[in-house]
Amino acid sequence: MQVNRCIAGIDVHKKMLAVVVGKTQERSMQVERAKFGATMEDLELLRDWLQARGVEEVVMESTGQYHKPVWLQLEGQFRLHLAQAQSNRGPKGRKRDFADALRLVKRFLSEDLILSYVPDAEQRLWRRLTRTKTSLGEQRKRLQLQVEALLEEMMLKLSSVVSDLFGSSGRRMLKAIVAGEEDPAKLASLGDVRLKASEQELQRALRGRVHPAHRLVLGLYLKQVELIDEQEAILEHEISAAMRAHETVVERLADVPGLGLDSAHQIIAEMGPEAAAFPSAGQAASWVGVCPGREESAGESHNNRSPKGNRSMRRLLNQLAWAAVRAKGSHFQTLFQRLTVKKGIKLAIWAVAHRLLRVIWKILYHKVCYIEHGPRSGNVQAIQKRKRALVRQLQRLGYAVQITPIRDVARVVV
C-alpha cells in the first residue's frame with residue numbers, strides 16, 4: 001500500500017455520482033463515501049467536498065458522454081485520470097455504485113486500470129471542430145445515396161452519365177427538375193462541355209417519369225446539401241484559424257503522399273501538434289489500433305487482431321493508406337505492391353496504414369520533414385537498392401549480369 005496518498009474514485013451516471021475517497025496509510029486505507037447529483041450546482045459541491053478532504057487525484061470511468069461535465073468542473077483543481085470501463089469490471093452479479101468507485105481507487109493504486117488519453121482543452125476543441133466536419137461529410141454522402149435512389153424511382157439515369165451528382169452540372173440539372181423542367185433536351189443542355197457523356201447520352205438518361213412528390217423531396221434534399229456545404233465552409237475557416245499557430249506542422253504533414261490539409265488538421269486534432277503524449281511510434285500505433293494485437297497463453301499468441309483504438313484515427317488512416325498507395329512511385333505504393341502478394345489486399349493496406357502512422361509520429365515528435373525514398377524519387381540509396389534487387393533476380397534466373405551506366409539518360413526512351 002502506498003503511503004500518504006488521497007485519491008477519489010467516481011462512479012459516473014447520468015443523474016448521480018457515487019464518490020469514494022481513499023486515504024492510504026502504511027497497511028490500510030481509510031474510506032469515505034458520498035453521493036452527488038450531476039447538475040452544475042452539484043458538481044461545484046463535489047469540487048468543494050473533495051478539496052476539503054485534501055484529495056490530490058481523481059479517477060473516473062469513461063461512461064459515454066456523462067463523465068465530461070465532471071471532468072470539466074474538476075479540471076485544473078486535481079490530477080484527473082479517465083479509466084476504460086472494461087478495466088474496472090467487477091464480478092458478475094455484484095455490481096454496486098460505491099463498490100465500483102472503491103474498486104477504481106484500489107485498481108488505480110495497484111496500476112491495474114487502463115487509462116485513456118485525454119488531451120488539453122484547446123485540443124479537445126480542435127477535435128470537436130474536425131469531427132463535426134467529418135460528420136457533415138458523411139451526412140453529405142448519405143444524401144447523395146438518397147438522391148440517387150430517388151432518381152432511380154423517377155427512372156432517371158443521371159448518375160450513369162455524370163460522375164458527381166452534386167457537381168456544377170449535376171446540380172443545374174437537378175434544380176431544373178425541381179423547378180418543373182421535363183424536356184430531356186433542355187436538361188441536357190445544362191451540362192458542362194467538359195462532361196464525357198455526349199448530348200444524346202444525356203438526353204436518354206434524363207427521360208423518366210417525375211411526379212410532384214418527387215420534385216418536393218428532391219428539392220428538400222438539395223436544400224440540405226447546400227446547408228451542409230455552407231456549414232463545412234464555416235468549419236474549415238474556423239479550423240484553419242484555430243491551427244494557424246501550427247502552420248509549419250500542417251505543411252510538413254501535407255508533404256506525405258496521401259495526405260492533404262484537411263487530413264493534417266484531423267491528425268493534429270487527434271494526436272496533438274507534437275504527439276507529446278506518445279513517447280514512441282509503437283505506443284502511438286497501439287493507441288490508434290493499427291498494430292497487431294496479442295492474446296498470449298502458454299507462450300503462444302492465439303489472436304493477432306488489432307485493438308479497437310481511436311476510431312477517428314483508424315478511419316482516417318485507412319483512407320490515407322488507400323490514397324498513399326495510389327501515389328505513383330511512392331514508398332507506400334512499393335510497400336503495398338510487395339505485401340499484397342504475401343498478405344492479400346486487406347492486410348497489406350493495414351500494414352501501409354501502420355507504416356504511415358509511424359511516419360506521421362516521426363514528423364510530429366521529432367519535427368522533421370518527409371523525404372520520399374520511393375523508386376522514382378531520384379534518391380541514390382533507393383536506386384542502388386533497386387539495382388541490387390534486379391541483379392539478384394536475374395542471377396537467380398541463370399543470367400550473368402554486368403551493369404553499364406548510360407551517360408546520356410535524356411536519350412533513353414522508356
Side-chain angles (χ1 to χ4, degrees), residues 1-124 127 272 276-280 283 286-287 289 295 307-310:
M1 187 68 69
Q2 300 185 43
V3 183
N4 299 329
R5 295 187 69 179
C6 188
I7 301 172
I10 304 178
D11 187 35
V12 182
H13 299 274
K14 183 176 181 178
K15 296 182 179 180
M16 60 84 65
L17 309 174
V19 185
V20 171
V21 174
K23 296 182 179 179
T24 61
Q25 296 179 353
E26 292 184 359
R27 295 181 177 273
S28 62
M29 182 172 62
Q30 295 180 354
V31 176
E32 187 173 356
R33 299 175 174 85
K35 186 179 292 187
F36 294 88
T39 63
M40 185 70 173
E41 183 180 355
D42 295 324
L43 294 179
E44 291 175 351
L45 292 175
L46 169 63
R47 178 198 60 199
D48 297 338
W49 186 80
L50 294 176
Q51 289 177 341
R53 279 144 187 82
V55 172
E56 301 169 351
E57 298 179 85
V58 177
V59 57
M60 64 190 79
E61 281 187 3
S62 173
T63 52
Q65 310 298 323
Y66 300 139
H67 69 276
K68 292 184 178 180
V70 185
W71 186 283
L72 292 171
Q73 183 62 47
L74 302 181
E75 192 173 24
Q77 308 292 327
F78 310 92
R79 292 197 298 275
L80 302 180
H81 307 280
L82 188 65
Q84 296 184 13
Q86 63 179 6
S87 65
N88 191 45
R89 184 177 299 171
K92 189 175 182 180
R94 297 183 181 181
K95 187 183 184 309
R96 298 188 302 275
D97 295 334
F98 286 113
D100 290 348
L102 180 59
R103 193 184 307 113
L104 275 173
V105 175
K106 291 181 177 179
R107 290 188 176 179
F108 177 75
L109 289 171
S110 60
E111 299 182 354
D112 288 335
L113 291 177
I114 301 176
L115 301 179
S116 299
Y117 163 55
V118 181
D120 57 37
E122 184 183 22
Q123 188 177 337
R124 293 201 300 269
R127 280 187 176 186
F278 310 104
S280 68
Q283 289 183 351
S286 177
W287 173 74
E295 292 184 9
K308 290 184 177 180
N310 184 290

**Q** Can you list every pair that meets side chain to side chain donor-acceptor pair (under 3.5 Å) and has a residue in residues 112-122, with sequence neighbours left out?
**A** Ser110-Asp112, Tyr117-Gln123

**Q** Where do Ala85 and Ser62 come nearest, in terms of heavy atoms and distance?
**A**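 Ala85 and Ser62 have their closest heavy atoms at CB-O, 4.2 Å.
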
**Q** Check whether the ring centres of His81 and Phe108 lie less than 6.0 Å apart, and answer yes or no.
**A** yes

**Q** Under the criterion side chain to side chain contact (heavy atoms under 4.5 Å, CB included), which of Asp97, Val20, Leu102 is the partner of Asp11?
**A**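 For Asp11, the side chain to side chain contact (heavy atoms under 4.5 Å, CB included) test succeeds with only one of Asp97, Val20, Leu102, which is Asp97.
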
**Q** Looking at Val55 and Glu57, what are the two nearest heavy atoms and their distance?
**A**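 Closest approach of Val55 to Glu57: CG1-O, 3.3 Å.
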
**Q** With the side chain counted from C-beta on, respond yes when Leu104 and Glu61 share a heavy-atom pair under 4.5 Å apart, and no when they do not.
**A** yes

**Q** So, Ser87 side chain and Ile114 main chain: donor-acceptor pair closer than 3.5 Å or not?
**A**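 Yes: the side chain of Ser87 pairs with the backbone of Ile114.
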
**Q** Show the numbers, then the answer: is there a side chain to side chain contact (heavy atoms under 4.5 Å, CB included) between Met29 and Val105?
**A** CA-CA 10 Å; Met29 182 172 62; Val105 175; 4.0 Å; yes

**Q** Between the side chain of Arg5 and the main-chain N/O of Lys23, is any donor-acceptor distance below 3.5 Å?
**A**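 Looks like no, no N/O pair under 3.5 Å.
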
**Q** Specify the closest pair of heavy atoms between Val19 and Trp49, including all atoms of both residues, with the distance to one decimal.
**A**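 Nearest pair, atom of Val19 first, then Trp49: CG1-CZ3, 3.8 Å.
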
**Q** Working note: Leu50 + Val21, criterion side chain to side chain contact (heavy atoms under 4.5 Å, CB included); need CA distance, chi angles, decisive distance, verdict.
**A** CA-CA 8 Å; Leu50 294 176; Val21 174; 4.0 Å; yes

**Q** Taking the side chain from Arg103 and the backbone from Arg89, do they hold a donor-acceptor pair closer than 3.5 Å?
**A**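 Between the backbone of Arg89 and the side chain of Arg103 there is no qualifying donor-acceptor contact (under 3.5 Å).
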
**Q** Check whether any side-chain N or O of Asn88 sits under 3.5 Å from a backbone N or O of Asp100 as a donor-acceptor pair, and report yes or no.
**A**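 Yes.
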
**Q** Please step through side chain to side chain contact (heavy atoms under 4.5 Å, CB included) for the pair His13 and Tyr66, ending with a clear verdict.
**A** CA-CA 6 Å; His13 299 274; Tyr66 300 139; over 6 Å; no

**Q** Evaluate the criterion side chain to side chain contact (heavy atoms under 4.5 Å, CB included) for residue pair Leu43 and Leu17; output intermediate values, then yes/no.
**A** CA-CA 9 Å; Leu43 294 179; Leu17 309 174; 3.6 Å; yes

**Q** Report the C-alpha separation of Gln73 and Glu44 in whole Å, then their side-chain angles, then the decisive distance to 0.1 Å, and conclude whether the side-chain hydrogen bond (donor to acceptor under 3.5 Å, both in side chains) test is met.
**A** CA-CA 7 Å; Gln73 183 62 47; Glu44 291 175 351; 5.1 Å; no

